[in-house]
Amino acid sequence: MNIINNLGFYIAVFTLAFCISFIFTPIAKKLAFKLGAIAQPRNRDMHSEPIPRLGGIAIVAGFLIPLLILMPNVDVLDNMQMTGIIAGSSLIFILGILDDIYELSSKIKLFVQILAAIIAVSSGIIIDFISLPFSNIFNLDFLAIPFTVVWIVGITNAVNLIDGLDGLAAGVSSIASICLMILSIHSGHPTAVILTVILAASCLGFLPYNFNPASIFMGDTGSTFLGYILSVISILGLLKGYALGTIFVAVLILGLPIFDTAFAILRRLLSGRPIMSPDRGHLHHRLVDRGYSHRHAVVTLYGISGIFGLSAMGLMLNDLRFILAVFIIMGILFYYNSRINSLHTNERNKKLNP
């Protein structure tokens with residue numbers, strides 16, 4: 001089936017994935033209660049009531065079911081690569097379910113994530129080279145496999161770490177998917193376009209249940225799955241392309257989870273704590289601690305993620321004026337966003353301390 005310029009095909013695929021995710025979410029909620037996968041409030045958490053996890057089951061169903069339907073019928077989907085994606089993401093999915101129920105150790109999770117990354121690599125999803133701006137293409141040679149594994153495992157955990165507010169990981173993943181879709185269309189990578197359409201729809205189908213106040217969390221079942229799929233799609237859609245600067249484009253699109261994770265690692269190293277130890281120093285924690293409401297903090301982080309995505313598009317199109325315009329407009333919006341939050345905080349303080 002030739003689907004490259006078939007808009008109706010993409011709309012149908014998006015609708016299918018969205019509906020599956022939306023329908024499966026209440027089912028996942030019931031299953032979470034039966035299995036005891038309930039998120040109890042902790043000191044670093046933002047919720048005050050027990051919330052069922054395993055919402056990621058709906059996201060996974062919304063992604064994998066359409067993909068399995070499309071594989072035999074769409075020529076551009078390489079069976080070997082798709083088999084690797086399905087096998088690797090299924091392993092991540094199983095790991096997430098077990099972690100949401102039993103809270104596995106970080107060493108076990110890291111080992112399985114590396115194994116899942118190796119499965120993707122063995123199916124031909126490899127970063128063979130890095131194209132840098134103002135430089136020649138740098139062939140990775142023997143470093144290709146370890147670099148790819150580090151990229152996949154790193155993004156998998158980065159998305160997992162930003163899953164700290166209602167709707168944050170699902171919304172940011174949706175934004176990243178849409179940006180990757182647009183750039184994959186521009187670069188001529190139909191496989192990545194199909195995968196991003198399915199992933200964005202799966203996240204958006206789950207989001208109505210997960211946005212504040214959330215009735216269900218995606219848990220590690222969903223957040224690590226999203227990170228894994230985004231890392232693989234970025235390889236297929238961007239990092240295997242010869243356009244200069246694609247590594248920076250990929251980093252920008254996934255900028256919010258990448259930079260938040262990088263600062264978390266640096267913060268923990270400087271304080272002498274293990275890099276996998278949890279804390280309340282993430283960006284979403286800091287916004288709430290500064291007086292932002294949950295919704296206001298999430299929408300603000302959506303905006304930051306959008307800035308990264310639009311900047312990536314400007315870089316890919318080699319349009320510095322577009323990038324500058326994005327930052328100027330967003331700077332103005334964030335200024336007024338901060339002012340509005342200050343006013344709301346002052347009003348709340350007056351009510352609490354008349």
Side-chain angles (χ1 to χ4, degrees), residues 22 25 29 32 38-53 55-56 58-59 158-179 200 203-220 222-223 226 254-261 263-264 267 278-310 326-327 329-354:
F22 186 81
T25 303
K29 185 176 180 179
I38 308 298
Q40 301 293 339
R42 298 168 296 186
N43 290 335
R44 69 177 187 272
D45 291 332
M46 296 298 180
H47 63 283
S48 56
E49 300 290 334
I51 304 290
R53 292 189 279 204
I59 297 175
V159 175
N160 180 40
L161 288 176
I162 66 165
D163 185 29
L165 289 179
D166 298 350
L168 181 56
V172 169
S173 296
S174 300
I175 294 168
S177 298
I178 292 169
C179 292
C203 293
L204 292 173
F206 173 72
L207 197 54
Y209 298 95
N210 186 234
F211 198 72
N212 184 263
S215 62
I216 185 171
F217 294 156
M218 67 171 65
D220 280 12
S223 59
L226 289 176
L254 300 167
L256 181 61
I258 287 176
F259 291 122
D260 187 53
T261 300
F263 286 124
R267 182 173 64 248
D279 59 24
R280 275 185 59 90
H282 292 285
L283 183 56
H284 53 270
H285 290 128
R286 293 178 183 272
L287 288 177
V288 173
D289 290 343
R290 285 175 61 88
Y292 282 66
S293 68
H294 284 211
R295 288 193 177 195
H296 196 179
V298 168
V299 172
T300 299
L301 293 172
Y302 286 173
I304 293 174
S305 186
I307 290 176
F308 280 125
L310 290 172
V326 167
F327 274 92
I329 293 171
M330 291 301 177
I332 294 171
L333 291 176
F334 278 122
Y335 170 77
Y336 283 105
N337 175 61
S338 179
R339 293 285 297 171
I340 291 170
N341 181 70
S342 296
L343 291 173
H344 287 169
T345 301
N346 290 334
E347 288 178 3
R348 285 197 300 269
N349 289 337
K350 288 179 181 178
K351 290 180 180 178
L352 292 174
N353 302 293

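In this chain, residues are counted from 1 in sequence order. Nothing here was measured: the structure is a model prediction, and the numbers come from that model. Atom set for the values below is all heavy atoms of this structure, side chains included, hydrogens, waters and symmetry mates excluded.
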(request) Would you give the length of the straight line joining atom OG1 of Thr261 to atom CZ of Phe259, rounded to the nearest 0.5 angstrom? (result) 11.0 Å

(request) Any pair with a residue in residues 167-178 that passes side-chain hydrogen bond (donor to acceptor under 3.5 Å, both in side chains), sequence neighbours left out, goes on the list, sorted by first then second residue, please. (result) none

(request) Please report the closest heavy-atom contact between Leu256 and Leu301, naming both atoms and the distance. (result) CD2-O, 3.8 Å

(request) Using modelled atom types only, decide if a donor and an acceptor are shared between the side chain of Asp163 and the backbone of Leu168 within a distance under 3.5 Å. (result) no

(request) Provide the closest heavy-atom pair for Ala200 versus Ile178 in the form atom of the first, atom of the second, distance. (result) CB-CG1, 4.2 Å

(message) Ignoring hydrogens, what is the shortest heavy-atom contact between Leu207 and Ala170? Give both atom names and the distance.
(response) CD1-CB, 3.8 Å

(message) Once salt bridge (Lys or Arg N to Asp or Glu O under 4.0 Å) is applied, do any residues pair with Arg267, and if so which ones, sequence neighbours excluded?
(response) Asp279

(request) Tell me, please, which residues at least two apart from Phe263 pass ring pair (Phe, Tyr, Trp, His ring centres under 6.0 Å). (result) none

(request) Over all heavy atoms of both residues, which pair between Phe206 and Phe217 is shortest? Give the atoms and the distance, please. (result) CZ-C, 3.9 Å

(message) Checking Ala32 now: which residues fulfil side-chain contact (heavy atoms from CB on, under 4.5 Å) with it, not counting sequence neighbours?
(response) Ala37, Pro52, Leu54

(message) Are the side chains of Ile175 and Phe308 in contact, using a 4.5 Å heavy-atom criterion?
(response) no

(request) Please identify each residue that fulfils ring pair (Phe, Tyr, Trp, His ring centres under 6.0 Å) with Phe22, with sequence neighbours left out. (result) Tyr209

(request) Taking all non-hydrogen atoms of both residues into account, name the closest pair between Asp166 and Asn210 and its distance. (result) CB-O, 3.3 Å

(request) Apply side-chain contact (heavy atoms from CB on, under 4.5 Å) to Leu310 and list each qualifying residue two or more places apart in sequence or on a separate chain. (result) Met313, Phe322, Val326, Met330

(request) Say whether, by atom type as modelled, one donor and one acceptor occur between the side chain of Asn212 and the main chain of Arg295 under 3.5 angstrom. (result) no

(message) If the condition is side chain to side chain donor-acceptor pair (under 3.5 Å), which residues does Asn160 pass it with, not counting sequence neighbours?
(response) Ser223

(message) According to side-chain contact (heavy atoms from CB on, under 4.5 Å), who are the partners of Ala176, at least two apart in sequence or on a separate chain?
(response) Leu230, Ile253, Leu254

(request) Quick one: closest heavy-atom pair of Cys203 and Leu226, and the distance? (result) SG-CD2, 3.4 Å

